[in-house]
Amino acid sequence: MENLGRINGKTELVGLLATPIGHSLSPAMHNLAFDKLGLNCAYLAFEVGNEELEDAVKGMRALNVKGFNVSMPNKMKILPYLDELADSAKFSGAVNTVVNVDGKFVGHSTDGMGYTRNLKEHGIDIKGKKMTLIGSGGAATPIAIQSALEGVAEISIFARDDAFFPQAEENVRIINEDMKHLNVKANVYPLENVEQLKAEIATSDILANGTGVGMKPLEGLSVIQDESMLRPDLIVTDVVYIPRKSKLMEQAEAVGATAINGLGMMLWQGALAFELWTGKQMPVDFIKEQLF
Ligand code: NAD
């Protein structure tokens with residue numbers, strides 16, 4: 001990699017603690033951006049699971065790193081090892097970005113922020129909108145929390161009857177009770193209730209898929225039964241970005257709805273982490289050109 005040529009005694013380390021890690025686009029994304037802006041930083045990925053996490057964070061402290069990303073399976077497990085949490089992390093119970101602020105490790109979740117920022121790039125402000133969100137896992141939870149923090153009016157969460165359903169109930173409780181001051185109305189329904197799903201989509205501005213349905217091994221599948229549940233003035237978003245055009249994106253395009261895949265969310269969660277570490281904006285157009 002060309003940026004390795006400029007590593008010297010003053011290079012600051014930014015890391016990633018996750019497993020499996022080999023497929024991650026984050027090292028390429030951040031190192032390209034450091035290079036482009038001439039920042040003396042390097043981003044390295046470390047294969048770290050739950051068992052090694054506490055020691056790894058201690059190591060990060062001892063090395064006084066600039067910050068680091070956390071991905072699965074560590075996003076929730078890292079909370080006790082940090083000094084402070086931003087609201088994005090506190091309410092979603094997950095951290096994907098840690099910033100070293102004068103020796104204090106502060107946790108943020110830029111996944112949801114990446115989602116809303118990507119909507120803004122498409123000229124959409126979440127404020128005052130009604131959203132139907134499918135899912136309650138690692139991607140859907142920060143989308144729900146950040147949408148609430150940014151003033152969504154109502155959010156109806158649908159989750160299928162699996163181990164994630166209690167998390168859907170908890171996300172709704174957090175929005176209605178812990179985030180009561182924001183005046184967001186949150187509802188939870190079983191995904192199996194298709195009539196309710198139809199009714200909620202019909203009164204929503206945004207339909208968001210926050211599950212891996214549409215991506216391997218569920219490629220070619222969609223969280224909605226058919227496109228009659230969609231309409232041209234609906235905004236349909238997907239967290240899935242491989243393939244670029246999931247079944248849901250195809251269904252949205254078929255009725256002339258706005259279709260936004262997960263690529264922008266992925267790019268912007270990285271760009272917002274970059275900004276938290278460096279105080280500088282990631283050159284996103286350059287990164288898109290180089291990587292996507
Ligand atoms: P997760 O395992 O934490 O959660 C999975 C969610 O999908 C749960 O709510 C589960 O109930 C639901 N689900 C799984 N199979 C389902 C099915 N057949 N029908 C209905 N619901 C089903 O996973 P995650 O980390 O939330 O990741 C979900 C997807 O989001 C993955 O495809 C991942 O690649 C993608 N993702 C994208 C971004 C981005 O920036 N675009 C970020 C994180 C994750």
Side-chain angles (χ1 to χ4, degrees), residues 16 18-21 23-26 29-30 50 69-77 88 92-97 108-119 121-122 132-147 155-172 188-194 196-197 207-225 236-249 259-274 282 284 287-288 291-292:
L16 166 62
T19 187
I21 213 167
H23 67 286
S24 174
L25 277 180
S26 295
M29 186 191 299
H30 290 289
N50 288 168
N69 278 135
V70 185
S71 195
M72 294 317 274
N74 302 323
K75 282 185 176 181
M76 282 154 269
K77 296 281 181 197
S88 59
S92 61
V95 162
N96 79 331
T97 302
H108 299 254
S109 171
T110 66
D111 286 321
M113 294 156 84
Y115 176 79
T116 56
R117 178 58 187 267
N118 185 45
L119 284 185
E121 291 296 306
H122 286 82
T132 292
L133 170 67
I134 321 288
S136 51
T141 295
I143 289 176
I145 296 302
Q146 192 63 30
S147 297
I155 182 161
S156 290
I157 298 178
F158 285 80
R160 75 167 180 175
D161 183 16
D162 66 15
F164 288 91
F165 195 81
Q167 187 61 46
E169 293 178 310
E170 176 63 1
N171 292 347
V172 163
V188 59
Y189 304 107
L191 185 57
E192 292 76 13
N193 187 345
V194 178
Q196 188 75 43
L197 180 60
L207 167 64
N209 174 38
T211 78
V213 177
M215 183 184 166
K216 264 189 188 143
L218 304 171
E219 200 170 337
L221 301 179
S222 169
V223 283
I224 58 158
Q225 278 59 36
V236 184
T237 71
D238 207 331
V239 287
V240 170
Y241 55 89
I242 301 170
R244 298 283 189 270
K245 209 177 274 189
S246 64
K247 175 77 177 172
L248 178 66
M249 294 291 92
I260 302 174
N261 71 18
L263 206 55
M265 172 179 170
M266 207 266 289
L267 177 69
W268 281 104
Q269 63 74 30
L272 292 162
F274 186 89
M282 180 182 267
V284 284
I287 298 296
K288 264 194 236 169
L291 285 185
F292 304 134

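Every number for a ligand or one of its atoms is a count from 1 in the order of the listing. This structure is a prediction, so every number in the text was calculated from the model and none was measured.
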With side chains defined as the heavy atoms from C-beta onward, is the minimum distance between [X] and [Y] less than 4.5 Å?
{"X": "Asp161", "Y": "Pro190", "result": "no"}
{"X": "Val239", "Y": "Ile143", "result": "yes"}
{"X": "Asp111", "Y": "Lys75", "result": "yes"}

Which protein residues have a heavy atom closer than 4.0 Å to any atom of ligand 1, listed by chain and number? Gly135, Ser136, Gly137, Gly138, Ala139, Arg160, Asp162, Phe164, Leu191, Thr211, Gly212, Val213, Met215, Leu218, Val239, Tyr241, Gly262, Met265, Met266
When rounded to the nearest 0.5 angstrom, what is the spacing between CG in Asn74 and CG in Asn96? 12.0 Å
No-hydrogen, no-angle side-chain donor-acceptor test under 3.5 Å, Ser26 and Asn69: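 Not at all, the side chains of Ser26 and Asn69 share no donor-acceptor pair under 3.5 Å.
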Looking at Arg244, is its backbone amide N or carbonyl O close enough to the side chain of Asn261 to form a donor-acceptor pair, meaning the two atoms are under 3.5 Å apart? yes
